[in-house]
J.: 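Just passing along the structure, written as structure tokens.
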Amino acid sequence: MHDLRSLRHDPDRLITSQRRRRGDVDAVATLMALDQEHRNCQLQIDSLRQQRNEASKAIGARKQAGEDASAQMEAVRKLGDELKAAENRMQDCQSEREALLMTLPNILDASVPDGADEETNQLVRDSGPVPPMDFEPKAHDEIGVSLGLLDFERAARLTGSRFVVLKNWGAKLERALANFFLDQNTARGYTEVLPPYMVNRETMTANGNLPKFEEDLFGVNFKDYFLIPTAEVPLTNLYRGEILDKEQLPMYMTAYTPCFRAEAGAAGRDTRGIIRQHQFSKVELVKIVEPEHSFEELEKMVADAEHLLQLLELPYRVMLLCSGDTGFNAAKTYDIEVWFPSQGKYREISSCSNCTDFQARRGMLRYRPEAGASTVFPHTLNGSGLPIGRTLAALIENYQQADGSLKVPKALQQYLGGAEVIA
RNA sequence: GGAGGGAUGGCUGAGUGGCUGAAAGCACCUCUUUGCUAAAGAGACGUACCGAUUAUAUCGGUACCGAGGGUUCGAAUCCCUCUCCCUCCGCCA
């Protein structure tokens, strides 16, 4: 959410950003007009209320003195009617303004390169040349099924498409990866959190998933709750509405949760394998930091995610997303992409974003820089560190051997009872 | 699911229609006294929005006592709905 006051002062910042995002530019002017109208209403209401407060006080004084006040009371009653009408006008105006405001994405950072789509994303660095394979690599789902790690058919029976059952070493690998990621992240200063997996509408709205992206979410029947699409949602909302002490920042959190996504716009994409599922597990990283450090904290978060891939010895590259590809909440996003031999290309495995004060403002999350000072919105950051499903897929593909068996990455062996090969 | 009790400022906690944006205490901040610390004394001390302006300071106004709605000239205070917390009973794990 944007700060209306600074927007009034400088709407061009948002207009420029919208143009760069290939987003709705006219909406900004509409918003400013609604805002002006709303302020006019408020001015009128404040003055009416002032009149009423003063008149009511006078009535009280007269009554106390034992005088008659019925004429004054009648006058204030009329004032009250006028006030109610004005309040209704303001309410309408305000809800219209809020509705529009909530659909406008964050302002892009100046360092984000211009471009329409992922074609223009910039390569920042990679882990070096992809190691050659001396046989034709198979797809992860083919290997996973033949080794008895993945079962798509029975998952479809239980639920439907885009679900999978993990069995034997598949299930153990999930647990091993989750523990490995959490251990690494906590060693690097992140506090482990286990949040609820379903949240209410306010939480989804503060995070930025609502009102705009409801079709991407799974709702819950009996209540107005939603299954989380990522642990980012509960983590960024954990301190919603609070005023934090400066000493509490920077705050680093990590959480292992299932994630649920409707994948409404992804029909026909990645239908094979476990790259794109309605349910997957992920270890998430979230930071709440002071504004002046947020961009260096973003670099550190990317390094934290990279560190995991380095330990797993998976080939990857880091991309800086261009303006048109950067998500709704983010001012700046790095994607980390991991190598998939069977596809002969890199695929997204982690997306690390600095959301600046966009989410903090939606959730009224603030901190006090020093005693007595006024409150400031901190910056929130989120990134995957890392998703279990896609990591598992990448591991299977990159660690496959010619005989169809799977080597176990050194870093994971201690989490799998010392196993070195899965066959 | 049944019965009852709660929700007030950073915290504790008064307050059943106007003098309450809110007593009192604690914490925090400033100043005074003291060689330092401790202690004591004095003062300041919520958040948001709007407006004025020598515009991150100051002044004026408005709103906010869990959320929403209602009664009233006027509500923290009365009524209704909801949410959350606590206690007891039942049920499930």
Side-chain angles (χ1 to χ4, degrees), chain A residues 1-10 13 31-98 100-102 194-206 210 220 222-226 234 237-249 251 290-292 357 360-378:
Chain A
M1 192 168 78
H2 300 100
D3 177 21
L4 279 166
R5 253 192 302 190
S6 72
L7 215 52
R8 272 171 222 148
H9 196 251
D10 182 17
R13 263 185 81 217
L31 179 70
M32 298 324 291
L34 280 168
D35 179 53
Q36 183 60 52
E37 199 181 329
H38 174 260
R39 276 185 296 155
N40 292 343
C41 282
Q42 176 157 27
L43 209 58
Q44 188 193 1
I45 284 167
D46 280 359
S47 118
L48 283 170
R49 279 180 180 156
Q50 186 182 359
Q51 289 174 48
R52 187 192 60 181
N53 289 346
E54 282 164 6
S56 288
K57 219 163 235 181
I59 290 168
R62 277 184 88 96
K63 285 196 160 180
Q64 213 120 51
E67 298 170 37
D68 174 66
S70 48
Q72 285 84 347
M73 281 166 65
E74 182 52 32
V76 179
R77 203 193 317 267
K78 277 186 188 145
L79 204 62
D81 294 340
E82 201 180 331
L83 185 59
K84 187 151 271 178
E87 280 172 344
N88 287 338
R89 272 203 306 282
M90 181 169 83
Q91 190 58 51
D92 291 347
C93 192
Q94 184 173 5
S95 28
E96 207 178 327
R97 185 188 70 172
E98 291 306 304
L100 182 56
L101 184 60
M102 294 307 265
L194 200 147
Y197 302 152
M198 47 178 104
V199 299
N200 59 33
R201 190 168 282 273
E202 290 70 41
T203 300
M204 279 298 185
T205 304
L210 293 178
V220 173
F222 84 111
K223 269 205 159 189
D224 196 24
Y225 292 165
F226 299 89
N237 273 271
L238 196 54
Y239 297 93
R240 168 155 58 92
E242 295 189 37
I243 299 173
L244 304 172
D245 293 328
K246 182 192 166 76
E247 290 69 42
Q248 292 176 265
L249 304 181
M251 203 179 280
E290 296 191 83
E292 45 279 6
D357 62 0
R361 183 169 274 115
R362 284 177 163 239
M364 280 299 276
L365 168 63
R366 291 163 294 173
Y367 79 102
R368 211 177 286 283
E370 52 187 298
S374 60
T375 57
V376 173
F377 293 107

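Reminder, nothing fancy here: chain letters follow the sequence lines and each chain counts from 1.
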J.: Respond yes when some side-chain nitrogen or oxygen of A:Arg5 is under 4.0 Å from OP1 or OP2 of B:C50, and no when none is.
T.: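 Yes, because at least one side-chain N or O of A:Arg5 sits under 4.0 Å from OP1 or OP2 of B:C50.
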J.: Please report the distance, rounded to the nearest Å, between CZ in A:Arg362 and P in B:A48.
T.: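 Taking atom P of B:A48 as the reference, CZ of A:Arg362 is at 20 Å.
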J.: Measuring from the side chain of A:Ser56 (C-beta onward, heavy atoms only), which nucleotide among B:A63, B:G18, B:U71 has the closest atom?
T.: B:G18
J.: So, is A:Arg39 close to the B:C50 phosphate, meaning a side-chain N or O under 4.0 Å from OP1 or OP2?
T.: no
J.: Assign each of A:Lys57 and A:Gln36 to its nearest nucleotide of RNA chain B by heavy atoms, then name whichever residue's nucleotide is nearer the 5' end.
T.: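 It is A:Lys57, whose closest nucleotide lies nearer the 5' terminus.
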J.: Roughly how far apart, to the nearest Å, are B:A24 and B:G13 at atom C1'?
T.: 8 Å
J.: Given the P atoms of B:A27 and B:C79, what is the spacing between them in whole Å?
T.: 38 Å
J.: Return the nucleotide paired to B:A7: Watson-Crick means purine N1 to pyrimidine N3 with N6-O4 or O6-N4, wobble means G-U with N1-O2 and O6-N3, both under 3.5 Å.
T.: B:U83
J.: On a whole-Å scale, what distance lies between the C1' atoms belonging to B:A67 and B:C11?
T.: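 Result for the C1' pair: 23 Å, nearest Å.
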J.: Considering every strand shown, what is the Watson-Crick or G-U wobble mate of B:C88 when both distances are under 3.5 Å?
T.: B:G2
J.: Searching all strands shown, indicate the nucleotide that pairs with B:U12 (Watson-Crick or G-U wobble; both distances under 3.5 Å).
T.: B:A24
J.: Taking the same atom, P, in B:C29 and in B:C85, what whole-Å distance lies between them?
T.: 34 Å
J.: Scan every strand shown for a Watson-Crick or G-U wobble partner of B:U62, both distances under 3.5 Å, and answer none if you come up empty.
T.: B:A48
J.: Quick check on RNA chain B: between A:Gln42 and A:Ala55, whose nearest nucleotide comes earlier from the 5' end?
T.: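 Whichever sits nearer the 5' end wins; that is A:Gln42.
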J.: Which base sits across from B:U72 as a Watson-Crick or G-U pair, both distances under 3.5 Å?
T.: none
J.: Between B:G17 and B:U71, how far is it from one C1' atom to the other, in whole Å?
T.: 12 Å
J.: The side chain of A:Gln50 is closest to which nucleotide in this list: B:A48, B:U71, B:U62?
T.: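 Closest of the options to the side chain of A:Gln50: B:U62.
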J.: Taking the side chain of A:Asn53 as its heavy atoms from C-beta onward, which of B:G61, B:C73, B:A63 lies nearest to it?
T.: B:A63
J.: Under 4.0 Å, counting only non-hydrogen atoms across every strand here, what does A:Leu43 touch: a base, just sugar-phosphate, or nothing?
T.: sugar-phosphate
